[in-house]
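Letters A, B, ... mirror the listed sequences (proteins, then strands); counts begin at 1. The structure presented is a predicted model; accordingly, all values stated were derived computationally and were not measured. Both backbone and side-chain heavy atoms feed into the values below; hydrogens, waters and symmetry mates do not.
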There are 2 protein chains.
Amino acid sequence: MYEGMKERAVDLGKTASSSDIIFDALRDEIISGNLKAGESIRQEYIAKIFNVSRIPVREALKRLEAQGLVKNERYKGAIVSSLSEEEFIEIYEIRLLLEPLVIKEAARRITPETLKIAESYCNEFSAEPDSNNWGKLNRKFHEALYRDSKKPFHLKIINEASDRIDPYIRAQLVLTHGMEQARIEHNEILDACRNGDGEKAAKLTYDHIQDSYNALIPYLRKITDGA
Amino acid sequence: MYEGMKERAVDLGKTASSSDIIFDALRDEIISGNLKAGESIRQEYIAKIFNVSRIPVREALKRLEAQGLVKNERYKGAIVSSLSEEEFIEIYEIRLLLEPLVIKEAARRITPETLKIAESYCNEFSAEPDSNNWGKLNRKFHEALYRDSKKPFHLKIINEASDRIDPYIRAQLVLTHGMEQARIEHNEILDACRNGDGEKAAKLTYDHIQDSYNALIPYLRKITDGA
DNA sequence: ATATTGCATATTGGATCCAATTTGCAATAT
DNA sequence: ATATTGCAAATTGGATCCAATATGCAATAT
């Protein structure tokens, strides 16, 4: 009886805690490049912004540390992690291994709903005039394509890997006008997914990541020097 | 002046916080299988054991959640994560991709010190009579072999993946007497590392993981049912 | 006998308070 | 001018306290 109530109850149960909200907010600031590598995050400062005590802030920072985005140092605050060129290369190695594998599965079982979402982000990305939003939309597009892969563990790794390099990707998207290339490749990948052609989607994704890497490497030093 | 002091000062600086100690302890309990999937961890209970308040316990639990080992649920405590057969397979997929890659690099640059450590754990593993210690020694052996890979991001993923399946591996090591097989394979891998033969070490590691998977699959249902 | 209701208890999330100690800067000494 | 010392302020880790509410069980109603 009243089956509809169940879903509403579940939704109510999912009200995010302060800690969750602060975690998401800080993660966003870091991966957007708004908080740069080496910068210090003071607990008290964040607590005041969100009108909460330091407790939920500290929990959020501990979680960010577990994911490698910051390093908590006593009396110094949470220092935003930097990325050496070696680690940067490592992350691309992992992306090149896992993302083609994931999209292969996802493309084969992709649902019309997911396809709609991905198409939407793809179009938004192509049309967006504000370069500050390119990074986020690019990310959302790729996330959408992987949704139906049924590989949560792979996705967790891909997400964390992407978080680490996202600030650099975003800076590069703004600096160069490699948008054209990205737009073309996104549409090709989307097309392969529409046809359920996992193999082709995988190959295109591999090349897409490789292109991203090639575009980014020359800018890596420039960006890290500028910090 | 007094150069030696620096190192001591650094060492002193690394005194672990309560939160760190509790995190390590809970992680150990989970990956040892002492705390089983589905069990609830009460903050107050842990706090009393360690004679601390709930604050550091909560921070530890948040970190464990970030790594996927528990899921914090209000009024219910931190529930130890279970692993579906699909996720189990996923983790082995990832291990099969990353571990051979890592050991290939590690074997090429392995130092005498690291080799000594790995040999030590290998021998301990072979000689250990108490089956409760097999899992930990097995893990330590593999960790040692990967030490010189210079791939921190890969290692982090491998560690977290291993954490998730370790309870099952340990149960299986105790249930079957596949120790013989493991011992032989460990020595073969170690030998390839001694010779700096990265390719061979990678191939042997791949087969070793594959064997582990084959041994574990039949026991997976048995173990999860028994919980 | 079974289902519903109400209340005491348990349990977590967050606020406030306290302790420890590093950091930064000014005063002092060389 | 430079290096050393001393002290106030800043900052984090942890303890204690409070609020909200879910859970479990007993009492009640059907």
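Rounded to whole Å, atom C1' of dG13(C) lies 13 Å from atom CD of Glu59(B). Atoms CZ (Arg63(A)) and P (dG13(C)) sit 11 Å apart, rounded to a whole Å. Rounding to whole angstrom units, CD1 of residue Ile55(B) and P of dG14(D) are separated by 10 Å. Atom CZ of Arg58(A) and atom P of dT11(D) are 15 Å apart (whole Å). For the pair Lys48(A) NZ and dT12(D) P, the interatomic distance rounds to 11 Å; values are reported in whole Å. Between Arg42(A) atom CZ and dT23(C) atom P there is a gap of 10 Å when expressed in whole angstrom units. One interatomic measurement links the two molecules: CZ of Arg74(B) to P of dA19(D), which rounds to 14 Å at whole-angstrom precision. Taking atom CD1 of Ile79(B) as the reference point, atom P of dT23(D) lies 11 Å away to the nearest angstrom.
In this structure, Asn138(A) contributes its side chain and Trp134(A) its backbone to no donor-acceptor pair below 3.5 Å. Between the Ser149(A) side chain and the Ala106(A) main chain, no donor and acceptor come within less than 3.5 Å of each other. In this structure, the side chain of Asp148(B) engages the main chain of Thr111(B) through a donor-acceptor pair within 3.5 Å.
Judged by closest nucleotide on DNA chain C, Ser40(B) is the one of Asn51(A) and Ser40(B) placed further toward the 5' end.
Nearest to the side chain of Pro56(B), among dG13(C), dA22(D), dG14(D), sits dG14(D). Residue Tyr75(A) has its side chain nearest to dT11(D) when only dC17(D), dT11(D), dT21(D) are considered. For Ser18(A), whose side chain is taken as the heavy atoms from C-beta onward, the closest listed nucleotide among dA20(C), dT11(C), dG14(C) is dG14(C).
The pair Asp163(B)-Arg139(B) meets the salt-bridge criterion, since a charged nitrogen lies less than 4.0 angstrom from a carboxylate oxygen.
Pair check for dG13(D) finds dC18(C); Watson-Crick or G-U wobble, both atom distances under 3.5 Å. The partner of dT9(C) is dA22(D), judged by Watson-Crick or G-U wobble contacts that both fall below 3.5 Å. Using Watson-Crick or G-U wobble geometry with both donor-acceptor distances under 3.5 Å, dT30(C) finds its partner in dA1(D).
Here Lys76(B) reaches the OP1 or OP2 of dT23(D): one of its side-chain N or O atoms lies under 4.0 Å away. One finds no side-chain N or O of Gln43(A) lying less than 4.0 angstrom from the OP1 or OP2 phosphate oxygen of dA10(D).
Between His186(B) and His142(B), the ring planes lie perpendicular to each other; the angle is over 60°, past the 30° to 60° tilted range.
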